[in-house]
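So the structure is just underneath, and the comments pick up after that.
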Amino acid sequence: MQPLSNPTLRLYIGAALISLSPVWVKLVDVSATASAFWRLAIGGVVIAAFLVVTRKRPELSLRIWFVLVFAALFLAADLWFYHRSIQFIGPGLATLLANFQVFVLAAAGFVMLREPPSARQLIAIPLALFGLALIVGVDWNELPADYRRGIVFGFGAAVTYAGYLLAMRRSRRDSTNRVPSREIAIVSLVGAAMLGMATMAEGGSLAIGDPADIGWLVCYGVLSHGCGMLFITSSLPHVTTTQAGIALLLQPTLSFVWDVVFFARPMSLAEVAGAVIALFAIYLGSRARSDQAQGAR
């Protein structure tokens, strides 16, 4: 058996690749919106090329295309928030906050779909908030203004990413395709167009002056978005809920590790304990929903 034919291995490889996303954002010297554009543009082209090589056509109804445009809008907003959060509070904490989307989804499920939260989710929410308090402190007013802004952007990423997942879930309701590679390619390219327009509206530029930045952005788009998403989505129909939940947990955990290793993030004992508690809470909150592995960033 070829190693990559193992769906569990593909799932974890995909989570590891996506965990590098905030590292590329931190390394490049372009605006937050421009780096988000290049992620989706390059990654979308990679996935589209995969569809062409495998001779898979979109074949989606007009209604599904309409839903996917909304999904792209949410994904573009998510990356707009997420990249700014990375700039202000670093890759590790920004990714941890963005993964609070599992709790936003639980609330949306209760309000919109009349799906009551599970016992695990009811335990996970206060645990996550307690872990976050250990990381950032309990006195909001003592935090620097940019740090507070980064936390707000992180929660904004969580809310908008939950919106993206709900839209993707709706687009998949009547789909006969087990792997949503067509949908992800469309959302990526449409989202890139939206972020390109946002960059222009902000008075920014999509130009990349430094060859090193070109390399980092290619790694971001090809490895983290294109390959990472393909590995994860191709494995989802073949893995258990527990495996999917562990993969979701692996991504923010590794992002914290990369933050410490590559950017020398200082970590006190209380912060380490808070990160562990928050990550465990995210795992608990995600176990009831096997499709949350698609939420890996």
Side-chain angles (χ1 to χ4, degrees), residues 19-39 73-104 107 125-164 194-195 197-206 213 216 220 251-253 255-279 281-282 297:
S19 77
L20 289 166
S21 295
V23 174
W24 312 127
V25 176
K26 193 76 173 176
L27 287 172
V28 297
D29 187 21
V30 298
S31 73
T33 310
S35 61
F37 164 82
W38 285 113
R39 165 184 171 158
L73 179 61
F74 278 118
L75 181 59
D78 163 68
L79 292 179
W80 192 94
F81 283 119
Y82 181 47
H83 284 201
R84 282 163 174 76
S85 182
I86 292 168
Q87 292 181 339
F88 287 126
I89 59 178
L93 182 54
T95 305
L96 181 68
L97 291 175
N99 275 272
F100 272 45
Q101 49 87 8
V102 298
F103 307 120
V104 179
I125 292 172
L127 260 184
L129 295 175
F130 176 65
L132 182 62
L134 288 177
I135 298 172
V136 305
V138 294
D139 193 339
W140 177 260
N141 293 323
E142 287 186 0
L143 297 174
D146 282 349
Y147 201 84
R148 289 187 304 221
R149 194 173 294 116
I151 292 173
V152 171
F153 284 146
F155 281 119
V159 171
T160 50
Y161 203 74
Y164 161 74
M194 292 176 177
L195 287 165
M197 291 185 287
T199 301
M200 301 305 176
E202 294 167 359
S205 171
L206 296 174
D213 287 340
W216 297 133
Y220 190 15
Q251 192 256 331
T253 302
S255 292
F256 248 110
V257 171
W258 307 144
D259 201 359
V260 173
V261 171
F262 296 135
F263 305 111
R265 176 189 173 91
M267 292 286 285
S268 67
L269 185 59
E271 288 175 320
V272 171
V276 171
I277 291 170
L279 289 167
I282 289 171
R297 244 174 212 78

*How far apart are the C-alpha atoms of Val30 and Leu206, what are their side-chain angles, what is the distance that settles it, and do they pass the side chain to side chain contact (heavy atoms under 4.5 Å, CB included) test?*
CA-CA 8 Å; Val30 298; Leu206 296 174; over 6 Å; no
*Given the rule in the side chain to side chain contact (heavy atoms under 4.5 Å, CB included) test, do Gln101 and Asn99 qualify, once you have shown the distances and angles that lead to the verdict?*
CA-CA 5 Å; Gln101 49 87 8; Asn99 275 272; 4.2 Å; yes
Mind listing the side-chain donor-acceptor pairs of residues 153-160 below 3.5 Å, one per line with the distance, residues two or more places apart or on another chain?
unit_1: Thr160; atom_1: OG1; unit_2: Asp78; atom_2: N; d: 3.4
unit_1: Thr160; atom_1: OG1; unit_2: Gly156; atom_2: O; d: 2.8
unit_1: Thr160; atom_1: OG1; unit_2: Ala157; atom_2: O; d: 3.3

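Side-chain contact annotation: Glu202 with Ser31, donor-acceptor N/O pair under 3.5 Å absent.
Note that the CE atom of Met194 and the CZ atom of Phe74 stand 10.5 Å from one another [nearest 0.5 Å]. Rounding to the nearest 0.5 angstrom, the gap separating the CG atom in Leu132 from the CG atom in Leu127 is 12.5 Å. Taking CZ of Phe37 as the start and CE of Met200 as the end, the distance is 7.5 Å to the nearest 0.5 Å.
Side-chain contact check for Phe81 versus Leu97: every heavy-atom pair is 4.5 Å or farther apart. A 4.5 Å side-chain heavy-atom check between Phe256 and Thr95 finds every atom pair outside the cut-off. Residues Tyr161 and Leu75 are in side-chain contact: their nearest non-hydrogen atoms beyond the backbone lie under 4.5 Å apart. A 4.5 Å side-chain heavy-atom check between Ile135 and Leu96 finds at least one atom pair inside the cut-off.
The two atoms that bring Tyr220 and Ser35 nearest to each other are CE2-O, 3.9 Å, heavy atoms only. The nearest pair of heavy atoms linking Ile89 to Gly150 is CD1-O, 3.6 Å. Taking each heavy atom of Leu195 and Ala76 in turn, the nearest pair found is CD2-O, 3.6 Å. The shortest non-hydrogen separation linking Leu79 to Arg39 is CD2-NH1, 3.8 Å. When all heavy atoms of Ala270 and Leu134 are compared, the pair lying nearest together is O-CB, 3.6 Å. Nearest heavy atoms, Asp213 versus Val28: OD1-CA, 3.4 Å.
A side-chain donor-acceptor contact under 3.5 Å links Ser255 to the backbone of Ser19.
More than 12 heavy atoms of other residues, nucleotides or ligands lie within 6.0 Å of CZ in Phe88, so this atom counts as buried by the packing criterion. Trp80 CH2: more than 12 foreign heavy atoms inside a 6.0 Å radius.
With sequence neighbours excluded, the residues forming a salt bridge (charged side-chain N to carboxylate O under 4.0 Å, His left out) with Asp146 are Arg149, listed by chain and number. Residues forming a side chain to side chain contact (heavy atoms under 4.5 Å, CB included) with Thr253 (at least two apart in sequence, or on another chain): Leu249, Leu279. Residues forming a side chain to side chain contact (heavy atoms under 4.5 Å, CB included) with Val23 (at least two apart in sequence, or on another chain): Leu20, Leu27, Trp258, Phe262, Phe263. Annotation: side chain to side chain donor-acceptor pair (under 3.5 Å) contacts of Trp38 (sequence neighbours excluded): none. Judged as a side chain to side chain contact (heavy atoms under 4.5 Å, CB included), and not counting sequence neighbours, the contacts of Val260 are Arg265, Met267. Considering only residues two or more places apart in sequence or on other chains, Phe103 meets the ring pair (Phe, Tyr, Trp, His ring centres under 6.0 Å) condition with Phe100. For Arg148, there are no side chain to side chain donor-acceptor pair (under 3.5 Å) partners two or more places apart in sequence or in a different chain. When the side chain to side chain donor-acceptor pair (under 3.5 Å) test is applied to Ser85, no partner is found at least two apart in sequence or on another chain.
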